[in-house]
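Notes to accompany the following structure.
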Amino acid sequence: FLPVSSHGIVISALADDVDFIRIHAVAAARLLPRPHALAFLSDRLGDSSWWVRRAAADALASLGPPGLAQLGRAAREHQDRFARDMAEQALRDQVPNLVRAVVG
């Protein structure tokens, strides 16, 4: 749960100069309303920090089918090459979970 009064703080923190703050902001951003979470997390896939990109990809994956679909779109269409790479890696990391979900 993320109180509505905190939404603006989280959104601002996504653009903070400090990587560590952006990492935590990404984790909190998955609690924003779904359309906002998907958009902000997809944007952070293009962050300059590998750790922020990884956190954004993991947060998207945690959102279930909508997040996985967003990762798929980012893997194909994101402007940033590193964002596409991270989205592809996150999808590969989810294959065992996807197989378990389908099989049983």
Side-chain angles (χ1 to χ4, degrees):
F1 174 74
L2 183 67
V4 174
S5 60
S6 299
H7 290 190
I9 295 167
V10 169
I11 293 167
S12 293
L14 288 168
D16 197 274
D17 291 337
V18 179
D19 296 0
F20 189 73
I21 292 174
R22 291 195 312 279
I23 291 167
H24 287 285
V26 161
R30 69 183 179 80
L31 301 173
L32 291 168
R34 185 64 46 93
H36 294 104
L38 293 170
F40 286 122
L41 292 171
S42 184
D43 183 54
R44 288 297 87 205
L45 286 172
D47 197 273
S48 60
S49 165
W50 183 93
W51 295 103
V52 175
R53 292 193 303 271
R54 184 69 221 193
D58 290 343
L60 281 166
S62 77
L63 294 176
L68 293 170
Q70 188 67 30
L71 282 170
R73 282 189 291 279
R76 290 186 313 274
E77 303 169 359
H78 203 287
Q79 296 176 9
D80 186 282
R81 173 178 61 97
F82 296 116
R84 291 191 305 272
D85 291 346
M86 185 57 73
E88 290 172 2
Q89 182 61 52
L91 289 169
R92 283 190 298 272
D93 292 346
Q94 290 300 312
V95 168
N97 295 331
L98 296 171
V99 169
R100 276 194 296 277
V102 171
V103 173

Query raised in the report: Between Q89 and D93, is any side-chain donor less than 3.5 angstrom from a side-chain acceptor?
Result: yes
Query raised in the report: Counting heavy atoms not belonging to W51, are there more than 12 under 6.0 Å from its CH2?
Result: no
Per-pair distances, 0.1 Å, donor-acceptor, side chain in residues 7-20, under 3.5 Å, sequence neighbours excluded:
unit_1: H7; atom_1: NE2; unit_2: L2; atom_2: O; d: 3.4
unit_1: S12; atom_1: OG; unit_2: G8; atom_2: O; d: 3.0
unit_1: D16; atom_1: OD1; unit_2: V18; atom_2: N; d: 2.8
unit_1: D19; atom_1: OD1; unit_2: R22; atom_2: NH1; d: 3.3
unit_1: D19; atom_1: OD1; unit_2: R22; atom_2: NH2; d: 2.7

Query raised in the report: Taking all atoms of both residues into account, what is the closest heavy-atom pair of A90 and L71, and its distance?
Result: CB-CD1, 4.0 Å
Query raised in the report: Sub-3.5 Å donor-acceptor pair from the side chain of R84 to the main-chain atoms of H78, do we have one?
Result: yes
Report summary line: Sorted by chain and residue number, the side chain to side chain contact (heavy atoms under 4.5 Å, CB included) partners of A55 (sequence neighbours excluded) come out as I23, V26
May I have the list of side-chain donor-acceptor pairs in residues 35-46 shorter than 3.5 Å, sequence neighbours left out?
unit_1: S42; atom_1: OG; unit_2: Q70; atom_2: NE2; d: 3.2
unit_1: R44; atom_1: NH1; unit_2: D47; atom_2: OD2; d: 2.4

Query raised in the report: Nearest 0.5 Å, what's the CG-CE distance between L60 and M86?
Result: 11.5 Å
Query raised in the report: Under the side-chain contact (heavy atoms from CB on, under 4.5 Å) criterion, do E88 and L91 qualify, and how do the steps go?
Result: CA-CA 5 Å; E88 290 172 2; L91 289 169; 5.8 Å; no
**Report entry** salt bridge (Lys or Arg N to Asp or Glu O under 4.0 Å) contacts in which one or both residues fall within residues 57-82, not counting sequence neighbours
**Finding:** R54-D58
Query raised in the report: So if you build clusters from Ile, Leu, Val, Met, Phe, Trp, Tyr with side-chain heavy-atom gaps below 4.5 Å, do L32 and I21 land together?
Result: no
Report task. Tell me, please, which residues at least two apart from P3 pass side chain to side chain contact (heavy atoms under 4.5 Å, CB included). Result -> F1, S5, S6
